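Just so you know, these numbers use all the heavy atoms, side chains as well, and skip hydrogens, waters and symmetry mates. These numbers were taken from a predicted model, which means no experiment stands behind them.
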Amino acid sequence: MKRRLPVTLFASLLAVTSPFALASCGEEATPPPKAPTRPVAGPAATAPVQAPYGMNDTPSSARPYDLPAETGQPAMNARAAAFYQGGLQSFATGDLVNARAQFGQATQADPRAHQAFYSLGVVQERLRDAGAGASYRQAFTLVPDYEPAIVAYAMLLARKSQLGEAERLLNEKRGQMPKSAAIAATLAEIKSLQRDTGSAQRIAQEALKINPDYRPAMVIIARDHYRNRRLDLALYALQAILDGFEPVSENPPRDRDNAEALLLRGLIYREQGQRAAALEEFRKAVTRRPDLVEARVQLATYLLEAGNAQEALPLLEGAVRFDSEHVAAHLNLGDAYRLLERYADAKREFDWVLGRDPNLAQVHYDLGLLYLFAPAVPGMTPKQQVAEAIKSLTRFQELRNKGQRDDSEELLNRAKLKEGELNAAAAAAQPAAPPAAAAQPAAPPAAAADGGVPDAATDK
């Protein structure tokens with residue numbers, strides 16, 4: 001009796017139930033699974049940091065277990081390795097600016113340290129630094145088969161909507177590296193982003209035939225089903241990754257702690273209204289990968305909806321450290337600050353969001369709440385606050401989805417009532433005007449010297 005899923009069973013299980021997934025050829029893959037590796041950075045090396053990743057069709061990139069087996073590549077020198085380790089430590093705490101500096105110093109200390117160039121690119125990409133692409137290219141120029149940098153560069157092109165260029169690069173590298181599951185799986189991701197679901201499923205299955213334990217290919221299969229609204233198939237694929245099938249002793253989960261799979265299942269559960277299950281998946285994803293910004297934002301959103309701003313706050317502060325340009329993270333962070341009565345901090349976050357997307361309806365709603373209910377917003381009078389509340393809520397109603405039901409009309413009425421009360425209070429506080437002086441009778445005309453009526457002739 002087999003104690004594990006057959007090599008091609010993961011793909012063939014999907015094929016049986018979906019016209020979009022191609023049936024397995026039934027042959028066992030001969031290459032053994034690639035072993036996770038450590039960076040070639042001296043005796044105290046740790047795995048390189050992972051590249052940016054998100055859901056909602058944001059491309060994924062290299063994860064720690066994507067690393068290829070090293071084939072005698074030289075270690076970076078001791079000075080570069082020290083800078084590299086410092087960069088990893090800074091990244092782990094979300095100090096990306098310092099991490100960028102440390103990785104940059106590592107590349108200067110050893111211009112052939114390909115992993116340092118890759119990690120520099122990872123941090124540059126998160127910081128929206130235009131140099132990220134050059135760093136990735138330098139990494140796989142130094143080591144042409146260095147999969148993490150190739151994958152990360154292709155995904156960077158995809159994020160810039162250069163899907164055709166990403167596909168060209170991967171096809172070229174696939175010709176040079178036909179046994180690379182990572183290159184094949186990344187090409188499947190590109191095909192999925194191009195909405196070519198048939199090719200995406202086929203190529204992802206080819207990646208699994210090369211390496212049956214290549215987890216990213218499994219996640220890409222599930223994510224492609226998710227993008228194309230085949231939620232049942234997505235959940236089925238995720239079950240194989242996270243839970244396995246009965247009897248679990250014979251068909252164990254392929255990667256029960258896979259953070260991307262946990263995030264994806266949480267998104268599906270949320271969409272299906274399974275709040276408790278979704279919350280648990282997001283929690284596990286954040287625990288597994290603290291740098292996974294989308295999982296932090298999703299978990300914090302649930303906590304804010306439950307009024308738990310205290311627990312949401314560190315999640316969101318961490319999210320903006322790992323991705324300073326994440327609009328939803330800043331928006332929710334502002335709401336957490338508002339609920340915790342840190343009104344100046346809340347306004348700063350909302351103003352940041354307005355600067356990035358002035359037509360985002362939700363930020364105007366949140367500002368309306370801030371102005372209406374905060375006892376005092378620094379630098380504003382109560383009258384200014386209520387005027388801004390009315391302005392923000394009115395703008396929200398102009399931008400919201402048509403037919404959307406919300407409480408903005410009630411809030412507007414409260415703001416206008418408050419404005420009337422402030423105006424009435426201001427009018428009552430004005431000092432009363434003094435009463436007008438009584439009219440005095442006009443003085444009689446001066447009498448003539450002789451006491452008689454002045455002579456008209458003499459008065460000319």
Side-chain angles (χ1 to χ4, degrees), residues 39 41 44-54 58-64 76 79-111 113-139 148-149 152-153 155-156 159-160 259 286 289-297 300 313-334 336-337 342 344-357:
T46 21
V49 294
Q50 49 266 42
Y53 158 76
T58 302
S60 64
S61 194
R63 273 72 64 183
M76 64 179 79
R79 186 162 179 263
F83 284 128
Y84 188 83
Q85 293 302 318
L88 289 175
Q89 291 168 9
S90 294
F91 180 87
T93 63
D95 184 358
L96 301 193
V97 173
N98 192 48
R100 176 174 57 185
Q102 297 269 13
F103 290 137
Q105 289 175 303
T107 65
Q108 293 169 17
D110 186 349
H114 62 285
Q115 289 178 320
F117 279 104
Y118 164 72
S119 295
L120 176 61
V122 167
V123 177
Q124 287 173 321
E125 185 171 358
R126 285 179 179 261
L127 291 171
R128 307 302 193 272
D129 185 326
S135 296
Y136 290 145
R137 287 195 303 271
Q138 183 63 12
Y153 184 56
M155 293 294 91
L156 176 62
R159 186 172 65 80
K160 294 179 176 180
V286 172
R289 270 190 56 189
D291 70 305
L292 196 54
V293 172
E294 189 67 23
R296 283 177 171 269
V297 172
L313 183 63
L315 289 166
L316 294 165
E317 289 178 331
V320 299
R321 284 197 302 272
F322 282 111
D323 186 352
S324 62
E325 294 294 316
H326 198 290
V327 172
H330 281 280
L331 181 65
N332 285 350
L333 180 57
Y337 284 142
R342 294 172 57 176
D345 292 333
K347 188 173 186 304
R348 182 192 66 239
E349 296 301 319
F350 294 147
D351 286 344
W352 185 95
V353 175
L354 275 179
R356 297 304 191 278
D357 188 355

- Do R342 and L313 pass the side chain to side chain contact (heavy atoms under 4.5 Å, CB included) test, and can you show the C-alpha distance, the side-chain angles, and the key distance before you say yes or no? CA-CA 11 Å; R342 294 172 57 176; L313 183 63; 3.7 Å; yes
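- Within the 4.5 Å cutoff, the side chain of Y84 has no heavy atoms near those of the D110 side chain.
- Without hydrogens or angle criteria, S90 side chain to G87 main chain gives no donor-acceptor distance under 3.5 Å.
- Looking only at distances, a side-chain donor or acceptor of D95 sits under 3.5 Å from a matching main-chain atom of N98.
- Ion pair R348/D345 flagged as a salt bridge, since at least one NZ, NE, NH1 or NH2 atom sits closer than 4.0 Å to an Asp/Glu carboxylate oxygen.
- No side-chain heavy atom of E349 sits less than 4.5 Å from a side-chain heavy atom of V353.
- The two residues V327 and W352 make their nearest non-hydrogen contact at CA-CZ3, 4.0 Å.
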- Going through the checks in order, is the side chain to side chain contact (heavy atoms under 4.5 Å, CB included) test met by L333 and E317? CA-CA 7 Å; L333 180 57; E317 289 178 331; 3.8 Å; yes
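- The shortest distance between side-chain heavy atoms of H330 and V320 falls below 4.5 Å.
- R296 places a side-chain N or O within 3.5 Å of a backbone atom of P290 that can act as its donor or acceptor partner.
- In terms of modelled atom types and a separation under 3.5 Å, the side chain of Y136 and the main chain of G121 share a donor-acceptor contact.
- R100 has its side chain within reach of L127: a pair of non-hydrogen atoms, C-beta onward, lies under 4.5 Å apart.
- Side-chain contact between R159 and E125 is present, with at least one heavy-atom pair separated by less than 4.5 Å.
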- Message: Could you walk me through whether R128 and D323 satisfy the side chain to side chain contact (heavy atoms under 4.5 Å, CB included) test, starting with their C-alpha distance in whole Å, then the side-chain angles of each, then the deciding distance to 0.1 Å, before giving a yes or no?
- Response: CA-CA 9 Å; R128 307 302 193 272; D323 186 352; 3.0 Å; yes
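- Considering only heavy atoms from C-beta on, Q89 stays 4.5 Å or farther from T93 through its side chain.
- Using a 4.5 Å cut-off on side-chain heavy atoms (C-beta onward), V123 and Q102 make no contact.
- To the nearest 0.5 Å, the span separating OG1 on T107 from CE on M76 amounts to 10.0 Å.
- Considering only heavy atoms from C-beta on, E294 comes within 4.5 Å of H326 through its side chain.
- Ionic pairing of E325 and R126 is not present here: no N-O contact between side-chain nitrogen and carboxylate oxygen is shorter than 4.0 angstrom.
- Remark: aromatic rings of F83 and F103 are distant, center separation not under 6.0 Å.
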